[in-house]
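Since the structure comes first, as structure tokens, the remarks are kept for the end.
Numbers restart at 1 for each chain; the letters A, B, ... are given by sequence-line order, proteins then strands.
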Amino acid sequence: MSELKVTPLKPRDESSGQATATGLAEQDSTANLSPDELREEHEHRQQHLRQQIEELDRETLQKILYQMVLIRRFEEKAAEAYTLGKIGGFCHLYIGQEAVAVGSLSAINADDYVMTSYRDHGHALARGTSADEVMAELYGKAGGCSAGKGGSMHLFDRDAHFLGGHGIVGGQIPLATGVAFAAKYKGTGQVSLVFFGEAAVNQGALHESFNMAQLWKLPCIYICENNQYGMGTSLARAMSIQDVSQKAVAYGMASEFVDGMDVLAVREVTERAVERARKESLPTLIEVRTYRFMGHSMSDPGNYRTRAEIEKYQERDPVKLFSDTLKDKGVIDDAALKELEERVRAEVEHSVKFAEESPLPAPEELFTHIYANPIKVTSDE
Amino acid sequence: MSELKVTPLKPRDESSGQATATGLAEQDSTANLSPDELREEHEHRQQHLRQQIEELDRETLQKILYQMVLIRRFEEKAAEAYTLGKIGGFCHLYIGQEAVAVGSLSAINADDYVMTSYRDHGHALARGTSADEVMAELYGKAGGCSAGKGGSMHLFDRDAHFLGGHGIVGGQIPLATGVAFAAKYKGTGQVSLVFFGEAAVNQGALHESFNMAQLWKLPCIYICENNQYGMGTSLARAMSIQDVSQKAVAYGMASEFVDGMDVLAVREVTERAVERARKESLPTLIEVRTYRFMGHSMSDPGNYRTRAEIEKYQERDPVKLFSDTLKDKGVIDDAALKELEERVRAEVEHSVKFAEESPLPAPEELFTHIYANPIKVTSDE
Amino acid sequence: MAVITIREALNQALSEEMQRDENVFLLGEEVAAYQGAYKVSKGLLEEFGDKRVIDSPITELGFAGLGVGAAMAGLRPVIEFMTFNFSILATDQIVNSAAKMLYMSGGQFKIPIVFRGPNGSAYQVSSQHSQALESWYAHFPGLKVVMPSTAADAKGLLKSAIRDDDPVIFMEQERMYGMKGEVPDDPDFTIPLGVADIKREGTDATIVARSLTVPLALKAAEELEKDGISVEVVDPRTIRPLDIDTIIRSVKKTNRVVIVEESHAFCGVGSEISAQIMERAFDYLDAPVKRLSSADAPMPYAKNLEQLALPDVARIVAAVREVSYM
Amino acid sequence: MAVITIREALNQALSEEMQRDENVFLLGEEVAAYQGAYKVSKGLLEEFGDKRVIDSPITELGFAGLGVGAAMAGLRPVIEFMTFNFSILATDQIVNSAAKMLYMSGGQFKIPIVFRGPNGSAYQVSSQHSQALESWYAHFPGLKVVMPSTAADAKGLLKSAIRDDDPVIFMEQERMYGMKGEVPDDPDFTIPLGVADIKREGTDATIVARSLTVPLALKAAEELEKDGISVEVVDPRTIRPLDIDTIIRSVKKTNRVVIVEESHAFCGVGSEISAQIMERAFDYLDAPVKRLSSADAPMPYAKNLEQLALPDVARIVAAVREVSYM
Ligand SMILES: Cc1ncc(C[n+]2csc(CCOP(=O)(O)OP(=O)(O)O)c2C)c(N)n1
Ligand SMILES: Cc1ncc(C[n+]2csc(CCOP(=O)(O)OP(=O)(O)O)c2C)c(N)n1
Ligand SMILES: [Mg+2]
Ligand SMILES: [Mg+2]
């Protein structure tokens, strides 16, 4: 099921430092900057990137870029198909947040577990679920990764250890905590990665899960994708403190804050958390400051944000940011980039073709998969 | 409905300082002390008490003592009646925690709101609900403060603004937050006081309520009665941090820690929180370190605690602590104390007589109070 | 009589009741600045300000409980669940606090609150977002459950629900927000809770339908009329308390019943109505009461499967034929 | 055959299944050090250690979800609710995660989990602590619901539930923990899910009872026998899936049915069974199916009112007479 399996890197030696919640400071530094400040800031990050790149092998860097571009183009195509009525229901795009899923998932092993919310296309693709199966799922076809029964919000891929897209805000947080519990119970050394939005932080399910995870020392990594809005409600209007990473203090849990437009920074933070989970069997809360470039879902006009605000963040488009760096670092050149875009285009085109040609689920599928062990109780049914 | 209405004191001028979460330090200072250290500690508190006593009028001090003794004797009698089978269901005694309800409720006005958990006898009595009606409720009689329908866990007294005993751990926390919302909405200047155990702190309901209370600036005072056990589970086995007051940090909420065996200290802390609620319309979390001398409920053998541990806390019995102080401060003498005990005995005896003589609820009461506005839909019912 | 959508009718009811009583306020996710996820609260923030139209964090258990507490202290909250699927997180405060408070306080604390929002299926939103929960809430004494099917009912019943002194679960349907109907202009027009409505008179068979299945039942009735089958369509409108007398009167006339519902069948409202019909009109039944419910399966995403899962006109027609033995 | 209490039978089932499969673990409030609030897990901490017998904080939603997640990753959790009243806080994880996971994942993730604990009334514990919730869980496809009424059934069914690959809601009854019965010694004794049991054979009338009402029905049957009324008592044991065939066979023999339940009537399991009996055995009924449920009121604390609220032997006897027209 996975074309783009992730090669885990050998744990880096200097990455074992105890994490600290540096949220408040960091946040202020990325929030409402002037264009000039932004460009400065941008330059600064470029340098940091260059360092990290020294340490990473070309293949990994190219795979990371490939995944980010794939998610971007795949979703552009999905949006198109949605407006054509090929895709129904709710469809939540990940455009703008690609660096979060790609960066963090590049830091874990193939047998670690991943779970997220309904905004799950990027995570499935980054996890290695084929574009064909994801697109077919969006189309509600039998060839979809959830057999057409889940749809955009409920992508699943057991082989890729992708434990799904979940629709109830916060619902995946206790689930992922249980996955971590199982990993510890079995002593497999696996970690559980779970993604959720900043608005999910206010749900009781998070409070209950964080307490259990820290109390029982579970290898769970909680990644809050703080895109600063829950539907039309800004973080400031929904949470009494603005610094999500500070929530960890109430549980004695380690936490970190990171810029979600910088894919290698996300990877680096995740590596530290993964090491903490594997070596000390401890959870970590990672607040990733990011931004969604599109509406909450395909049906959201998004009037609650100014064009200016959106453009401010688009100046730091994570895909462009990373490809520029790889270029001026000489990891790829225009030709390679063009070739990569070409491969992505082909893969996306193929996924549409695959989805179009995949059959609808057979009518009898309505009644399959209700029970793993169905019990026949009556003759006349 | 209330014989022992509380006279609110004029707000004291020096009580406006911003609260701080001094929990950790304080906690360590009260936990596992040697008998000698305890006596020292005890002396220290005696002095603090003497100061406070200067500022308080005799009448208030005597009322506070009276209420603590009333609760103690009332519950000793209730326990007796329970073992005789006069009282059924769950019966959670408050013995050992009297200083919490009495101290904090002495700091609010008659029209402020009070809510608590199933461990509610003390709060009802301190709020001024008559011993007769409370005992009759425990007996399941028509004369009970909830007409015999609620029982020990669900005492209610609208006239005393006592909004009940609630049975679902943590359930009263959102409710009290809503009461505070209503007070602010109406601009009445009332505050909402809600009591809950330390084990309730782990419930999602608290997390959701604290965020709303701080976000919307609601005049709600959250009093955690940390008696260190939730049934048979110690705080250490249920919560990843031991310092309940620190939970407030995750919401930017003010919090304080106070020794729950010192009734005037509880009163003082509550006064500060009440002032914050009235003047700034802000919530406060107060962690009160206390201890229950009896089992979790009448049916709990309580094997999870050592005799030694219980005796350690009984050395600082809040009722004795306070009466001793009033005595050597000359607020009361042995004669007065004897007279007070006598009045209490009479009141408790009377409550038993009242409960015994009160009729059972009439059979038709089964179907009253289901709806405030019942709708007759069918002829033949 | 203006012709307006159910969405507009609900919006009018909210606006009028908020004008009428300043203790009424609306709280929920995206109800204010966003004008409501389904625009039911359009314009209310502008009309009443952010003191009375409040965007809440995503904390269903918390704000449901906050509403109940506010009701204890004398307000009349209208709590919107973006959909009733999310109310599943709040059932404790609805069932243990709202439904039982008056009773366990021996009559001292009434809870005048409305919990409202869309219930049932939408358009391919898959299993976690397509649930019909009326049987859950109707199971418990202390709650009232209302399910309107027309613009007039939506407005008249919501106004009654807000004026009612008990907790009311008011269930709308996303697929119906755009449906139009005549609504009286009188600002004091209300429809009493607990009164069923004959949406169409007939003599040969009775269809008991609610919410989304009412328009389907009416279409089915038209088709059946062509074949000379005269169908009566009864809409209980209020599920708890249930106006069973009106249903029984119809059954005694037609002797044949089909119950159509969007919820699952097992322990559903249809099973309750069916059981009560047997208990009260056994000797009048010429055929066993038939239930037509959504499939006994979680709601699938695929469009073709979703259509199979839900009752439709063709299946209603077939069901009526079946009980009519033709 | 040893004679043991239902409490001991459940304890044996847990112990044996934990010995049999190391992926089985027990988690809940007070299940370990305290030996269980009702002592069902007595000795298990000592036998299996704190890795597999775990005291949880009071966070029902959280630990129910944790259990479902652990099941996704291959464990077989047994999650104890101190009582099912508290499961109301966890319904989201049970109904939205456990029940739908296999379906929405297109068959990829099964959820082998048991949620167990006492359901229904206890002794004067008032309205928030006396609720019977079987109809809630039975409403949803994806869940299985089991309610044993004897020691043997308790042990055999719990073992089957733990071995089953689907989420099972296993409902006990506090008033029954001390009831004794014969239980086969064979450690591989199990009772299949989905199979009803005739607890007593009879020819004149059928009582369908479950959990606490089974012993009451048997007492009523004895009394009725004295007046020459031969009563058959059918215990479905599994509510979902419901072995309706066994019930129908009995109805076709006796032609008269009383359903006795501790839950509220409205949209209860009794309404479902009644509706299905009409649908499948209409022509065999000599009288309408009668339901005897707990009062349509929250549970009062007062002992005399609590007794009035619950079905008892006298009322069961009267109900059987009523359907027998004598
Ligand atoms: C319990 C629940 N309440 C409400 C919703 C409707 N809803 C879906 S997404 C969403 C906003 C969530 O925002 P956030 O958690 O920040 O994630 P994001 O969409 O920004 O990725 C809401 C209110 C839901 N799905 N579940
Ligand atoms: C939601 C819920 N879960 C479990 C219970 C059973 N129960 C009643 S009290 C209690 C312990 C609560 O401890 P704490 O909150 O510290 O209050 P305390 O009893 O110590 O005053 C438990 C588990 C309940 N009533 N509600
Ligand atoms: Mg967000
Ligand atoms: Mg406690």
Side-chain angles (χ1 to χ4, degrees), chain A residues 85 87-91 118 137-142 144 146-154 165-171 197-205 207 230-235 237-240 296 299-301 303-304 359-371 381, chain C residues 28-39 41 45 50 54-65 81-83 85-90 92-93 121-131 174 264-266 294-310:
Chain A
I87 298 172
F90 294 133
C91 186
Y118 44 83
E137 189 58 36
L138 303 193
Y139 272 63
K141 296 299 190 75
S146 301
K149 290 180 170 184
S152 165
M153 297 192 289
H154 305 301
H166 298 269
I168 304 300
V169 167
E198 84 294 335
V201 171
N202 300 319
Q203 285 283 35
H207 179 66
M231 281 187 81
T233 306
S234 66
L235 176 61
R237 291 175 55 230
M239 203 184 287
S240 63
H296 165 71
S299 45
D300 169 29
N303 312 334
Y304 45 85
L360 290 170
E364 51 277 19
E365 288 300 316
L366 176 58
F367 293 106
T368 61
H369 305 138
I370 300 169
Y371 295 102
E381 262 174 22
Chain C
E29 293 156 14
E30 307 296 338
V31 296
Y34 200 79
Q35 310 284 297
Y38 302 103
K39 304 291 172 258
S41 53
L45 173 64
D50 61 6
I54 303 146
D55 282 324
S56 72
I58 306 171
T59 56
E60 282 78 7
L61 178 64
F63 68 71
F81 290 117
M82 191 175 286
T83 78
N85 297 285
F86 315 138
S87 78
I88 295 178
L89 283 160
D92 173 63
Q93 287 294 342
S121 71
Y123 306 92
Q124 280 190 269
V125 293
S126 200
S127 51
Q128 292 183 327
H129 284 70
S130 305
Q131 303 173 83
E174 184 185 339
H264 294 304
F266 203 94
S294 74
D296 195 43
M299 183 63 79
Y301 165 73
K303 193 170 199 162
N304 64 319
L305 296 184
E306 184 181 52
Q307 280 164 355
L308 281 176
L310 293 166

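Contacts with chain A were tallied for C:S127, C:S56, C:S126; C:S126 has the most, counting heavy-atom pairs under 4.5 Å. By number of non-hydrogen pairs under 4.5 angstrom with chain A, the leading residue of C:L89, C:I58, C:T59, C:V125 is C:I58. No other option in C:N85, C:N304, C:D296 has as many heavy-atom pairs under 4.5 Å with chain A as C:N304. By number of non-hydrogen pairs under 4.5 angstrom with chain C, the leading residue of A:N303, A:V201, A:L138 is A:L138. In terms of heavy-atom pairs under 4.5 Å with chain C, the best-connected choice from A:P361, A:A199, A:P363 is A:P361.
Looking only at side-chain heavy atoms (C-beta outward), A:Q203 and A:V169 come within less than 4.5 Å of each other. Using a 4.5 Å heavy-atom cutoff, the side chains of C:K39 and C:Y34 are in contact. Contact check for C:F86 versus C:Q128: no side-chain heavy atoms found under the 4.5 Å cut-off. For the pair A:T233/C:E29, no side-chain contact is recorded, criterion being any heavy-atom separation below 4.5 Å from C-beta on.
Both the backbone and the side chain of A:D300 come within less than 4.5 Å of a heavy atom in chain C. With a 4.5 Å cut-off on non-hydrogen atoms, A:I87 touches chain C through its backbone and its side chain both. Of the atoms belonging to A:A200, not a single heavy atom falls under 4.5 Å from chain C. For A:M153, the part sitting under 4.5 Å from any heavy atom of chain C is the side chain, from C-beta outward, and nothing else. Heavy atoms closer than 4.5 Å to chain A are found nowhere in C:A122, neither backbone nor side chain. Using a 4.5 Å cut-off between heavy atoms, C:Y123 contacts chain A through its backbone alone, with no side-chain atom that close. Both the backbone and the side chain of C:L308 come within less than 4.5 Å of a heavy atom in chain A. C:E306 does not touch chain A: none of its heavy atoms, backbone or side chain, sits under 4.5 Å away. In this structure, chain C has heavy atoms under 4.5 Å from both the backbone and the side chain of A:F90. With a threshold of 4.5 angstrom between heavy atoms, C:I88 does not approach chain A through any atom at all. Contact annotation for A:Y371: neither backbone nor side-chain heavy atoms come within less than 4.5 Å of a heavy atom of chain C.
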>> With side-chain contact (heavy atoms from CB on, under 4.5 Å) as the criterion, how do A:E365 and C:L305 come out once you've worked through the C-alpha distance, each side chain's angles and the decisive distance to 0.1 Å?
In response: CA-CA 8 Å; A:E365 288 300 316; C:L305 296 184; 4.2 Å; yes
>> What verdict does the side-chain contact (heavy atoms from CB on, under 4.5 Å) test give for C:D50 and C:L45, after you've listed the backbone C-alpha separation in whole Å, the side-chain angles of each residue and the deciding distance to 0.1 Å?
In response: CA-CA 6 Å; C:D50 61 6; C:L45 173 64; 3.9 Å; yes
> Given C:Q131 and C:T83, is the side-chain contact (heavy atoms from CB on, under 4.5 Å) satisfied, shown in steps?
Replying inline: CA-CA 9 Å; C:Q131 303 173 83; C:T83 78; over 6 Å; no
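Across all non-hydrogen atoms, the minimal contact from C:A295 to A:L366 is CB-CD2, 3.9 Å. The nearest pair of heavy atoms linking A:A147 to A:E137 is N-OE1, 3.1 Å.
Using a 3.5 Å distance cut-off with no hydrogens or angles, the side chains of A:K149 and A:T368 do pair a donor with an acceptor.
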